[in-house]
Visitor: 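Quick one: the structure is below, and I'll ask about it shortly.
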There are 2 protein chains.
Amino acid sequence: MLPTTDRGRLSRERIVASAAAVVAEKGALGASLDEVGARATASRSQIYHYFDDKSDLLRAVAEATSDAVLDGQRVLFAELGTWVGLVRWTDALVSLQVERGAAGGCPIANLLGQLGERDDDIRVVLSAGFDRWEDHIRDGLAAMVAGGELRPESDVAWLAASTLASLQGGLVLSQARRDPQALRRALDGALALIASHRTAVETA
Amino acid sequence: MLPTTDRGRLSRERIVASAAAVVAEKGALGASLDEVGARATASRSQIYHYFDDKSDLLRAVAEATSDAVLDGQRVLFAELGTWVGLVRWTDALVSLQVERGAAGGCPIANLLGQLGERDDDIRVVLSAGFDRWEDHIRDGLAAMVAGGELRPESDVAWLAASTLASLQGGLVLSQARRDPQALRRALDGALALIASHRTAVETA
DNA sequence: ATATGACTGGACTGTCAAGTCCACTTCGGG
DNA sequence: CCCGAAGTGGACTTGACAGTCCAGTCATAT
């Protein structure tokens with residue numbers, strides 16, 4: 001079931017990547033294995049060679065999608081330890097939403113909505129993705145506390161959870177309205193809450 | 001296409017209600033017209049008597065769902081004009097999520113994720129639902145300003161948008177984690193932001 | 001009472017996707 | 001060189017679903 005040769009490994013990866021793309025376009029239920037195979041230049045029996053069934057493939061897609069979303073922010077995450085870096089992170093997220101024409105929200109949340117109630121394994125994978133995301137934010141805030149930018153008594157775990165929620169909700173609203181400003185306003189709310197815990201009062 | 005008799009009106013309503021239930025359970029794509037008909041004690045030709053096709057029915061479901069979600073909060077909305085009422089509203093939302101075992105997020109957001117990118121009419125209907133929701137929050141905050149509970153210069157439109165985003169994001173995270181506390185933390189963030197605009201400092 | 005049109009039921013068709021099967025190719029080790 | 005396993009391709013089966021069609025029922029207005 002797991003590929004033992006390089007050739008097989010590449011085949012499997014091609015299939016997962018194609019599946020992720022098709023799922024992003026057509027939704028999980030709307031994604032046919034025929035189309036996945038066509039894009040990966042692989043036939044359906046290859047898919048069943050590496051995966052038990054469609055659900056198994058979708059689990060792999062969920063993992064790949066989580067990784068992709070987090071990887072896309074790796075550079076930004078590194079900057080989260082300062083107020084300036086935090087603001088830059090929000091700016092980058094809004095810019096991304098502008099580029100996409102405010103279409104399509106968070107890929108992780110999309111999969112959750114489509115599969116979360118149907119397949120508990122997938123729900124757990126996506127939940128872990130959110131956890132990692134929140135951890136990065138919390139680590140950044142903790143670094144701001146350590147660096148003296150935030151007051152020591154700040155509850156960074158709560159602030160991180162609340163910030164990720166603002167981000168997710170902002171994405172939902174901007175997708176609904178096709179308006180990136182909805183995300184901007186949501187993130188400004190999160191920033192304002194964090195700002196209320198800053199030490200120096202050198203304007204936000 | 002639109003029913004002209006009472007009997008037809010009831011049939012149509014039964015169909016929409018059943019469709020909304022099936023869609024909530026199985027998702028929009030997973031909902032078959034056979035099952036909708038079976039639950040509504042109506043055959044498929046009845047469905048096609050009132051709706052052009054499945055998309056047309058789903059549009060009606062989107063409207064019904066928006067109305068149902070907003071209606072379910074009508075009593076709470078009336079209380080939003082005071083800090084106490086605002087807190088009660090958040091408590092009720094968290095309680096609801098506890099009752100549901102933190103399963104299934106916001107029905108409007110779920111439909112958006114499944115159909116928003118596929119059918120623009122539906123996206124607009126759901127977006128309007130969010131608008132009405134945000135309007136109720138904004139009106140409540142404006143009443144708090146008028147009542148002297150919030151400082152006059154408070155940007156209630158922004159606070160309302162940010163609060164709805166926290167709510168939506170909190171629902172996403174609580175659904176992913178099967179943990180209503182994620183919603184609690186998100187809403188506490190929104191409350192803290194609003195609290196920072198209060199006049200009297202009589203503890204939050 | 002009956003004709004008209006709204007309303008209803010169920011059978012039928014075409015399409016499309018999941019999953020199975022088997023024959024074939026590639027490639028590395030003996 | 002050749003054997004066996006890993007990897008590959010495509011045809012086939014089965015089932016489910018959207019959408020159509022037509023024959024029949026119900027309510028009511030005259």
Side-chain angles (χ1 to χ4, degrees), chain A residues 1-62 111 114-115 117-119 121-122, chain B residues 1-62 111 114-115 117-119 121-122:
Chain A
M1 182 179 147
L2 275 181
T4 58
T5 71
D6 282 355
R7 187 165 160 230
R9 219 197 60 252
L10 287 175
S11 284
R12 201 194 123 105
E13 280 171 12
R14 249 184 11 252
I15 290 169
V16 173
S18 301
V22 175
V23 167
E25 276 178 37
K26 314 266 179 108
L29 260 150
S32 84
L33 298 186
D34 278 323
E35 187 167 354
V36 170
R39 280 207 212 188
T41 29
S43 71
R44 280 246 296 304
S45 58
Q46 290 180 60
I47 297 174
Y48 283 95
H49 187 74
Y50 296 113
F51 304 96
D52 291 339
D53 52 18
K54 190 177 178 182
S55 295
D56 194 33
L57 173 60
L58 288 175
R59 270 187 283 279
V61 167
L111 283 178
Q114 290 170 43
L115 303 170
E117 302 300 328
R118 227 79 45 78
D119 186 320
D121 289 342
I122 291 183
Chain B
M1 184 180 148
L2 275 180
T4 57
T5 72
D6 282 354
R7 187 164 160 230
R9 220 198 59 251
L10 287 175
S11 285
R12 201 194 123 107
E13 280 171 12
R14 249 184 11 253
I15 291 169
V16 173
S18 302
V22 176
V23 167
E25 276 178 37
K26 313 266 179 104
L29 260 151
S32 84
L33 298 186
D34 279 323
E35 186 168 355
V36 171
R39 279 207 213 189
T41 30
S43 71
R44 283 253 296 301
S45 57
Q46 291 180 59
I47 297 174
Y48 283 96
H49 187 73
Y50 297 114
F51 304 95
D52 292 339
D53 52 18
K54 191 177 178 181
S55 296
D56 194 32
L57 173 60
L58 288 175
R59 271 187 283 278
V61 167
L111 284 177
Q114 290 171 42
L115 303 170
E117 303 299 328
R118 226 80 44 79
D119 185 320
D121 288 342
I122 291 183

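All chains are named by letter (A, B, ...) in the order of the sequence lines, taking the proteins before the strands, and each is independently numbered beginning at 1. Predicted model only: the values in this text are computed from it and were never measured.
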Visitor: Hey, does the side-chain of B:Arg44 have a donor or acceptor N/O within less than 3.5 Å of a partner on the base of D:dG19?
Guide: yes
Visitor: Return the value, rounded to whole Å, for the distance between atom CD of A:Glu35 and atom C1' of C:dA18.
Guide: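 One finds 15 Å between C1' of C:dA18 and CD of A:Glu35, rounded.
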Visitor: Check the distance between D:dG19's P and B:Ile47's CD1 and give it to me in whole angstrom.
Guide: 11 Å
Visitor: Does A:Tyr48 place a side-chain N or O at less than 4.0 Å from the phosphate oxygens OP1/OP2 of D:dT8?
Guide: no
Visitor: For B:Ala62 and B:Leu111, work out which heavy atoms get closest and say how close.
Guide: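 Result for this residue pair: CA-CD1, 3.9 Å.
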Visitor: Round to a whole Å and report the spacing from NE2 of B:His49 to P of C:dC7.
Guide: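 These atoms are roughly 5 Å apart.
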Visitor: For A:Thr41 versus A:Arg14, what's the shortest heavy-atom pair and its separation?
Guide: O-NH2, 3.4 Å
Visitor: With a 4.5 Å limit on heavy-atom distance, are the side chains of A:Val36 and A:Ile47 in contact?
Guide: yes
Visitor: What are the two closest non-hydrogen atoms of A:Tyr48 and A:Asp53, and how far apart are they?
Guide: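 Heavy atoms only, the tightest pair is CE2-CA, 3.9 Å.
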Visitor: Does B:Ala24 have any side-chain contact (heavy atoms from CB on, under 4.5 Å) partners at least two apart in sequence or in another chain, and if so, which?
Guide: none
Visitor: Could you check whether A:Tyr50 gets within reach of a base, just the sugar-phosphate, or nothing at all, counting any heavy atom under 4.0 Å?
Guide: sugar-phosphate
Visitor: Once you round it to whole Å, what is the distance between P of C:dC7 and CZ of B:Phe51?
Guide: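 B:Phe51 atom CZ is separated from C:dC7 atom P by 13 Å.
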Visitor: Taking only residues two or more places apart in sequence, or in another chain, which ones meet B:Leu29 in a side-chain contact (heavy atoms from CB on, under 4.5 Å)?
Guide: A:Leu29, B:Arg118
Visitor: Mind calculating the distance between CG (A:Asp52) and P (C:dA18) to the nearest angstrom?
Guide: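 The answer, rounded to whole Å, is 15 Å.
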Visitor: Is there a residue in residues 6-34 of chain A whose heavy atoms reach under 4.0 Å of DNA chain D, and which residues are they?
Guide: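 The answer is A:Arg7, A:Gly8, A:Ser11.
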Visitor: Heavy atoms from C-beta onward define the side chain here; which of C:dG10, C:dC7, C:dC21 lies closest to that of A:Ser45?
Guide: C:dC21
